[in-house]
Amino acid sequence: MRPRYLAQEGQIQKIAGTRHAIGGFQKNTEWIFEKHSFDLSQGAVCYLFSDGYEDQIGGDTQKKCMTARFRAHLQEVHHLPCQTQKQQLEDTSKNDREASPK
């Protein structure tokens, strides 16, 4: 059900997911999932993620990260090497947790 984001040419495009879960028990149910194709050449990056990052509570406001903040963060880092992006996301997550009152 999660979307994926495609970063290409300085823009982040949201590609919506099919509105059915892929796990869990679903008796006598067959879901049809949409297929998406996109070009990953020329420095394009596709982001797949769970809801864990967006649902994380922390920072000064003690609110969830939410989609807009997560997408804005991807916009800031998508041009960096993947390992640097990973470190930036981990650092942001860690800083938000540390800013949370205990």
Side-chain angles (χ1 to χ4, degrees):
M1 292 194 288
R2 302 295 307 155
R4 58 227 127 315
Y5 290 130
L6 178 64
Q8 194 169 32
E9 298 177 6
Q11 300 295 317
I12 303 287
Q13 175 187 359
K14 178 180 176 182
I15 302 167
T18 303
R19 300 303 300 171
H20 303 294
I22 60 172
F25 179 73
Q26 299 162 5
K27 187 176 181 178
N28 298 325
T29 304
E30 282 194 39
W31 300 116
I32 297 174
F33 293 91
E34 295 176 61
K35 294 180 183 180
H36 297 274
S37 298
F38 36 88
D39 183 8
L40 291 179
S41 64
Q42 312 249 336
V45 179
C46 183
Y47 297 96
L48 306 172
F49 50 92
S50 72
D51 60 355
Y53 196 94
E54 293 175 338
D55 285 349
Q56 179 176 294
I57 296 174
D60 297 334
T61 61
Q62 284 302 287
K63 293 183 179 179
K64 288 184 179 184
C65 174
M66 302 304 286
T67 304
R69 183 171 168 224
F70 181 64
R71 187 173 175 164
H73 192 66
L74 291 179
Q75 183 70 46
E76 291 174 13
V77 302
H78 78 275
H79 65 283
L80 300 171
C82 288
Q83 189 61 34
T84 305
Q85 291 181 45
K86 177 183 180 231
Q87 190 62 53
Q88 292 258 343
L89 289 167
E90 287 175 355
D91 290 349
T92 299
S93 178
K94 181 181 176 193
N95 291 340
D96 280 355
R97 284 191 311 271
E98 289 175 353
S100 299
K102 304 294 186 246

Q75 side chain to G10 backbone, donor-acceptor under 3.5 Å: yes

State the [atom1]-[atom2] distance between [X] and [Y], to the nearest 0.5 angstrom.
{"X": "Q13", "Y": "Y5", "atom1": "CD", "atom2": "OH", "answer": "11.5 Å"}
{"X": "K14", "Y": "R4", "atom1": "NZ", "atom2": "CZ", "answer": "11.0 Å"}
{"X": "Q8", "Y": "H78", "atom1": "CD", "atom2": "NE2", "answer": "9.5 Å"}
{"X": "L6", "Y": "L48", "atom1": "CG", "atom2": "CG", "answer": "10.5 Å"}

Heavy-atom side-chain proximity of H73 to Q88 below 4.5 angstrom: yes

Residues Y47 and Q85: side-chain donor-acceptor under 3.5 angstrom: yes

I12 with F70, same ILVMFWY side-chain cluster at under 4.5 Å: yes

